[in-house]
K.L.:
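Questions regarding the structure given below will be posed in turn.
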Amino acid sequence: MPAFTKRASLVVAHYGAFSLAYFGLMAVLVLALGEQGLPPGLIAVCMTVLTVSSKVAKIPLAVVLDRVPANWSILSGCILAGASIAALPHVSGAGLIIALITCAGLGISVNGLASKQVAADASDGIKSRGTMFSILNVITNLASAIAAPIALLLLHAGDRVLVFILLGALYAASGLLGGFLLRVSSKQVTRPGSWWSAYRDIIATPGITTLLMVNAFGWFFYAQLFGALPIFIGHHIDAAALGVLIAVNAVTIVVLQVPVSHALRRIFGERPLRWMAAALALFAMAFCVAALVPTFPGLIAMVFVFSLAEASFVPSVDVGLVDRISPTLRASGYAVMSVATAIGESIGSSAGILTVSAIGTDGTGWGFWVLLACAAVAAALITAVLSRRRGADFGTPAASPTAERVATANVGADDNNLHSAGGTS
């Protein structure tokens, strides 16, 4: 199989366009609503509505989207999101603003699920799923780093209407690209049965509950970057230093995501649970660095190792899910995974904030980091044990150099003989 394809490149371009729009929107929305005269309480309601409509709505939407061609879902979702975003500065009144934000959130949700479907479909045709999802993680982080400052700069220059028109246009362009150039095969469309049968089938899939649990573990620790770390920084160093640490995280992901994925693939093969166990071990190592060197340079080193953990973890979730579930259930599968992500991230953020406030603000705060490191070690050990259970970790094992030479020599003869049924694809 090829290392990459034209279709995979189009998926990356689609992700880049809508990620620019999404992160630009998230950077300016609160400020823009304030400029429109909304009080803080109503702004909070608007942000809650956006969260519910763009994330929680995935559960009822997914069973519908599994029956619709993903490219048409992308087109409709992006057009709905783009039109709603572009119209926001032109309306007044809480009711109309909330209605537009709801429509934007639903469009974002539809596009998000459908984009995962076409990404999974594109990964079926290349040598490594891990490489595909690693590149998407890179392009998402790069879009975040580019879009937020530019959108904020335009907003502060007084071009609020222009900002929202550009964001809406980016969503529309992404929808046109995905809608007309990212068609999926008929095998991924139409699934009979009641709406709840999709979720029943997903939960009954061998290994899926393990994957959901370990996914929640990972997002529990990831949440510390935006939950506990800002409080720790504010008490021990300077709140302004947080921007430097976030920049270190973004740059590390952009530069090292693909090399990290290649290294993990050579060591473990495409066995996602083993990637996740390695990621959890790296989280533990990062927290140990913070405990041993509780200074600003030490925290920079901690965030660097933390970013390597993120680079190991994020693609492995997508690889593990796509390897396990039927193509006809991918939208529903991603919806279920998003629930596990929300559980892990919300518990991790709350627990981290409460714990660092209790034991991380006195002295050097080393006890907080030691506690986190112990929890990450326990999670890594549990994941490592589960990954060795028969049938728990689908995928392709790491090939020996001899096997790789044989595979290369025969790649033109019969691709089906080079990969296991649940493997790289």
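Note: hydrogens, waters and symmetry copies are ignored here, and every other heavy atom, side chains too, is used. The structure displayed is predicted, hence computed values, not measured ones.
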K.L.:
If you take all heavy atoms of G320 and P272, which pair is closest and at what distance?
P.N.:
CA-CG, 3.5 Å
K.L.:
Can you tell me if N141 uses its side chain to pair, donor with acceptor, with the backbone of N137 under 3.5 Å?
P.N.:
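Answer holds: yes.
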K.L.:
For the pair Q257 (side chain) and A311 (backbone), establish whether a donor and an acceptor sit closer than 3.5 Å, ignoring hydrogens and angles.
P.N.:
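Side chain of Q257 to backbone of A311: a pair is present.
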K.L.:
Salt bridge check, R129 against D323: does any charged N sit closer than 4.0 Å to a carboxylate O?
P.N.:
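The answer is yes: the pair qualifies as a salt bridge.
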K.L.:
Which pair of heavy atoms, one from M132 and one from S123, lies closest together, and at what distance?
P.N.:
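For M132 versus S123, the nearest heavy atoms are CG-CB, 4.0 Å.
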K.L.:
What pairs meet the side chain to side chain donor-acceptor pair (under 3.5 Å) rule with one or both residues in residues 74-90, with sequence neighbours excluded?
P.N.:
none
K.L.:
If you measure from CD1 on I85 to CG on L29, what distance do you get to the nearest 0.5 Å?
P.N.:
8.5 Å
K.L.:
So which atom in A223 and which in G348 form the shortest heavy-atom distance, rounded to 0.1 Å?
P.N.:
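Where A223 meets G348 most closely, the heavy atoms are CB-C, 4.0 Å.
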K.L.:
Nearest 0.5 Å please: distance from the CD1 atom of I108 over to the OG atom of S115.
P.N.:
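Between atom CD1 of I108 and atom OG of S115 there are 11.5 Å.
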K.L.:
For I359 and L371, what are the C-alpha separation, side-chain angles and deciding distance, and is it a side-chain contact (heavy atoms from CB on, under 4.5 Å)?
P.N.:
CA-CA 10 Å; I359 66 174; L371 184 62; 4.3 Å; yes
K.L.:
Work out which heavy atom in L142 is nearest to a heavy atom in V254; give both atom names and the distance.
P.N.:
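The pair with the smallest heavy-atom distance is N-CG2, 3.9 Å.
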K.L.:
Start with the C-alpha gap between V118 and I74, add the side-chain angles, then the distance that decides, and say whether side-chain contact (heavy atoms from CB on, under 4.5 Å) holds.
P.N.:
CA-CA 9 Å; V118 296; I74 286 173; 3.8 Å; yes
K.L.:
When you measure from the side chain of S174 to the backbone of H14, do you find a donor-acceptor pair of N or O atoms at a distance under 3.5 Å?
P.N.:
yes
K.L.:
Would you please test Y334 and L329 for side-chain contact (heavy atoms from CB on, under 4.5 Å) and show each step?
P.N.:
CA-CA 9 Å; Y334 276 114; L329 289 173; over 6 Å; no
K.L.:
Evaluate the criterion side-chain contact (heavy atoms from CB on, under 4.5 Å) for residue pair D121 and R7; output intermediate values, then yes/no.
P.N.:
CA-CA 9 Å; D121 177 62; R7 180 177 179 79; 2.7 Å; yes
K.L.:
Would you say the side-chain atoms of E35 pair up with the backbone N or O of L31, donor to acceptor, closer than 3.5 Å?
P.N.:
no
K.L.:
Looking at side-chain heavy atoms only, is the closest gap between R183 and W72 below 4.5 Å?
P.N.:
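With C-beta onward as the side chain, the pair touches.
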K.L.:
State, yes or no, whether a side-chain contact exists between W275 and R265 at a heavy-atom distance under 4.5 Å.
P.N.:
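Yes; the side chains approach each other to less than 4.5 Å.
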K.L.:
Would you say that L154 contacts R160 through its side chain, given a criterion of any heavy-atom pair below 4.5 Å between the two side chains?
P.N.:
no
K.L.:
Short question: side chain of T205, backbone of I202 - any donor-acceptor pair under 3.5 Å?
P.N.:
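Indeed, once roles are kept as given, a pair shorter than 3.5 Å links the two residues.
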K.L.:
Nearest 0.5 Å, what's the CG-CG distance between N71 and L177?
P.N.:
11.0 Å
K.L.:
Under a 3.5 Å distance rule, please check whether T355 uses its side chain to pair with a backbone N or O of G352 as donor and acceptor.
P.N.:
no
K.L.:
Going by distance alone, is a donor N or O of one side chain under 3.5 Å from an acceptor N or O of the other, for N111 and S73?
P.N.:
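Per modelled atom types, N111 and S73 side chains form no pair under 3.5 Å.
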K.L.:
Between S144 (side chain only) and T140 (backbone N and O only), is there a donor and an acceptor less than 3.5 Å apart?
P.N.:
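A pair under 3.5 Å: no.
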K.L.:
Do T102 and L50 touch side chain to side chain, with heavy atoms closer than 4.5 Å?
P.N.:
no
K.L.:
Do you know the tightest heavy-atom contact between L75 and G179?
P.N.:
CB-CA, 4.0 Å
K.L.:
Between CG of N215 and OG1 of T341, what distance do you get to the nearest 0.5 Å?
P.N.:
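Reported value, rounded in 0.5 Å steps: 4.0 Å.
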K.L.:
Return each pair, listed once, that meets side chain to side chain donor-acceptor pair (under 3.5 Å) where at least one residue sits in residues 280-307; pairs must be two or more places apart or across chains.
P.N.:
N249-S307
K.L.:
So does D318 pair up with R324, basic N to acidic O under 4.0 Å?
P.N.:
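Looking at R324 together with D318, the answer is no, because their closest N to O distance does not fall below 4.0 Å.
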K.L.:
Let me confirm one number: the CD-OH distance from E345 to Y222, rounded to the nearest 0.5 Å.
P.N.:
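Here the rounded value is 7.0 Å.
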K.L.:
Taking the side chain as every heavy atom from C-beta outward, state whether M213 and I382 have any atom pair closer than 4.5 Å.
P.N.:
yes
K.L.:
So, do L229 and M302 sit near enough that their side-chain heavy atoms are less than 4.5 Å apart?
P.N.:
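Side chain of L229 against side chain of M302, heavy atoms only: contact under 4.5 Å found.
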K.L.:
In sequence, state the C-alpha distance, the side-chain angles, and the governing distance for F368 and F232, and then conclude on ring-ring contact (aromatic ring centres under 6.0 Å, His included).
P.N.:
CA-CA 10 Å; F368 169 71; F232 185 87; 7.1 Å; no
K.L.:
For C46 and I98, which heavy atoms make the closest approach, and how far apart are they?
P.N.:
SG-CG1, 4.0 Å
K.L.:
Looking at CD1 of I135 and CD1 of I126, how far apart are the two atoms once the value is rounded to the nearest 0.5 Å?
P.N.:
7.0 Å
K.L.:
Just wondering, do L167 and Y22 contact through their side chains at under 4.5 Å, heavy atoms?
P.N.:
no
K.L.:
Using side-chain heavy atoms (C-beta onward) and a distance below 4.5 Å, is L42 in contact with L33?
P.N.:
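No - every pair of side-chain heavy atoms lies 4.5 Å or more apart.
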K.L.:
Taking atom CH2 as the centre, does W366 end up with more than 12 heavy-atom neighbours from other residues, nucleotides or ligands that are less than 6.0 angstrom away?
P.N.:
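No, the 6.0 Å shell around CH2 holds no more than 12 heavy atoms from other groups.
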K.L.:
Between F221, F283, F313, W369, which is the residue that forms a ring pair (Phe, Tyr, Trp, His ring centres under 6.0 Å) with F306?
P.N.:
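Of F221, F283, F313, W369, ring pair (Phe, Tyr, Trp, His ring centres under 6.0 Å) with F306 is met by F283 alone.
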